There are 2 protein chains.
Amino acid sequence: MADPKYPVRTVGRTFEILEIIQELDGAGVSEIAARVDIGKSAVHNHLTTLENYEYVDKDGDEYHIGLSFLGLGAYARNRTPIYDTAQSQVDELADETGELVNLLVEKNGKGIYLYQSKGENAVELDTHEGKRVRLHCTGLGKAILAFRPDETVDEIIADQGLPELTPQTITDRDAFDAELEEIRDQRYAVDREERLNGLRCIAAPITDDSDRSIAAISVACPVHRVDDDRFYEALPEAVLGAANVIELEYNYS
Amino acid sequence: MADPKYPVRTVGRTFEILEIIQELDGAGVSEIAARVDIGKSAVHNHLTTLENYEYVDKDGDEYHIGLSFLGLGAYARNRTPIYDTAQSQVDELADETGELVNLLVEKNGKGIYLYQSKGENAVELDTHEGKRVRLHCTGLGKAILAFRPDETVDEIIADQGLPELTPQTITDRDAFDAELEEIRDQRYAVDREERLNGLRCIAAPITDDSDRSIAAISVACPVHRVDDDRFYEALPEAVLGAANVIELEYNYS
DNA sequence: AATAGCATTCAGTTATAGAGAACAAAGACC
DNA sequence: GGTCTTTGTTCTCTATAACTGAATGCTATT
């Protein structure tokens, strides 16, 4: 986490290139070279090497992220202890509610979507497995932070602040602390369009036997389709139920 | 695919290191250095750099594959056209049969498991999403090859041969061609413990509108639990049904 | 307390990643 | 259809940064 004493620059450049390809949804040599601090020929050398190792696919003059990453990614996910027990519950909750259900874990102060299951009426979103998000502006992130020591929360906020993503984002530190307190009380978190306009979530933490959060599970739905009754009554109950089952299985088996 | 004219060695080494970490399920500096052709200190530099980019996690003195790969992997999978339409059918087939259901695509002459869904009684296997397999020894691979031009099959076999993985693996070229012919006839493939002792599969190709295979879907089950009746009657029907739905959705919408 | 087995640091050396120009190929535009 | 532009690819040279190997520091074990 601290800057490496003797970094290998090429490693960094490799991943910069890969992230650019992902961001542009496929890109050519010149396009990439324009965004990374090395020349065309060097980028070309990188890409042909990556292609050789099958980590990128070449399609005409466009390079794309290769499926080989799925091997590493799925492996990393399977190694995450909560994944195995949570997966089936996430699926079930998606079936039951018909909405989009997410599972998030924290890593280095950010959230990573570990798994996602689409119910019948699930919203189409910018979230996908592996995506990183800020913790303060999602129900999932708030649920996780509410069940972590104060110092951890302090550190993360000191590091990242409380940037405003929508008019509803909580940007005031005191208000945020009050919010966490409320979440601890009711054991679930509500996201009222705090990350994305038009999107609300109900999220519950998944805690270990000393009540520290390991992950969080949420149902996300569009404001205009799901009315307040269902959102504030039925959904919290469903989410809490699922979180509970996961906790039981995780902690006592 | 052809060897790069001007390879970037460091890129190759980076992925070699990552693959070693995966294979060893976490490893320390010395352990990795022993398997890769560079010294301890160089490996150390690589690892601290990778950690800095959050592509590996350091846990004590062990390095592990980071969840960041899930972002790239899930992205690559989502880009694969068949995934979106096939996923729900795979889930459904797993529910219906209670067994392990797999979705495979071909890439550079190898198979890659794109998605996997576990039914209630699913066998625990060495397969995971992103894993690569030889095509000739699995039902999925044979189903894909059966619906590709002869020249493609020739090339792949010329390149990789028909290595024997179990006593049941088809290793004779003529026998293999006859097998493909039969698969084309009945539109599904049977794997009779050809890759793994004790494991049988029924697999069906998913083809495009010109009858070329795009992917294949299979049900895998242990020999000793599933009797011949169910294996040769009920399962093929279920698998063919699912493949059919996927094809319809994929080709006509 | 002593040793062994690690990770980490560091200075020196050498291999190699990258620059930059030239060439090739493919479209776009008139 | 030919010219101009853009982008990919090849190639040589050089500065740089990746690597070696030895030294140091840390932790655990007996």
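Treat the numbers as computed from the prediction; the structure is a model and nothing was measured.
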Electrostatic pair A/Asp154-A/Arg173, nearest N-O below 4.0 angstrom
yes
Taking NZ, NE, NH1 and NH2 as the nitrogens, is one of them in B/Lys110 or A/Glu54 under 4.0 Å from a carboxylate oxygen of the other?
no
Is it the case that B/Thr10 and A/Arg13 place a side-chain donor and acceptor less than 3.5 Å from each other?
no
With sequence neighbours excluded, what pairs up with B/Tyr63 under the ring pair (Phe, Tyr, Trp, His ring centres under 6.0 Å) test?
none
Derivation of the salt bridge (Lys or Arg N to Asp or Glu O under 4.0 Å) call for B/Asp126 and B/Arg195
CA-CA 11 Å; B/Asp126 63 332; B/Arg195 184 179 74 85; 3.1 Å; yes
Heavy-atom nearest nucleotide on DNA chain C for A/Asp61 versus B/Pro7: which residue maps closer to 5'?
B/Pro7
Bounds of contact between DNA chain D and chain B, in 5' to 3' order, using a heavy-atom cut-off under 4.0 Å
D/dT10 to D/dG21
Is it true that B/Arg35 and B/Glu16 have a side-chain N and a carboxylate O under 4.0 angstrom from each other?
no
Applying salt bridge (Lys or Arg N to Asp or Glu O under 4.0 Å) to A/Arg77 and B/Glu129, what does each step give before you reach the verdict?
CA-CA 10 Å; A/Arg77 176 162 72 177; B/Glu129 294 170 334; 3.2 Å; yes
B/Thr80 (side chain) donor-acceptor with B/Tyr83 (main chain) under 3.5 angstrom:
no
After noting the C-alpha distance and the side-chain angles of B/Thr166 and B/Asn197, does the key distance pass the side chain to side chain donor-acceptor pair (under 3.5 Å) rule?
CA-CA 7 Å; B/Thr166 74; B/Asn197 279 311; 4.6 Å; no
Within residues 32-43 of chain B, which residues have any heavy atom lying less than 4.0 Å from an atom of DNA chain D?
B/Asp37, B/Ile38, B/Gly39, B/Ser41, B/Ala42
For the helix from C/dA1-D/dT30 to C/dC30-D/dG1, what is the angle between the axes at its two ends, each from 5 pairs, rounded to 10°?
50°
Ring pair (Phe, Tyr, Trp, His ring centres under 6.0 Å): pairs with one or both residues in residues 18-62 of chain A, sequence neighbours excluded
A/Tyr55-A/Phe69, A/Tyr55-B/Phe15
Please identify the 5'-most and 3'-most nucleotides of DNA chain C with any atom under 4.0 angstrom from a heavy atom of chain A.
C/dT9 to C/dG20
Between A/Thr10 and A/Ala27, the residue closer to the 5' end of DNA chain D by nearest nucleotide is A/Ala27
Donor-acceptor contact present, side-chain A/Asn52 to main-chain A/Thr48, <3.5 Å:
no
Checking side-chain polar atoms at under 3.5 Å, does B/Tyr75 have a donor or acceptor matched by the opposite partner on A/Asp25?
yes
Is a side-chain donor-acceptor pair under 3.5 Å present for A/Ser213 with A/Arg148?
yes
By nearest nucleotide on DNA chain D, pick out whichever of A/Val8 and A/Gly60 is the more 5' one.
A/Gly60
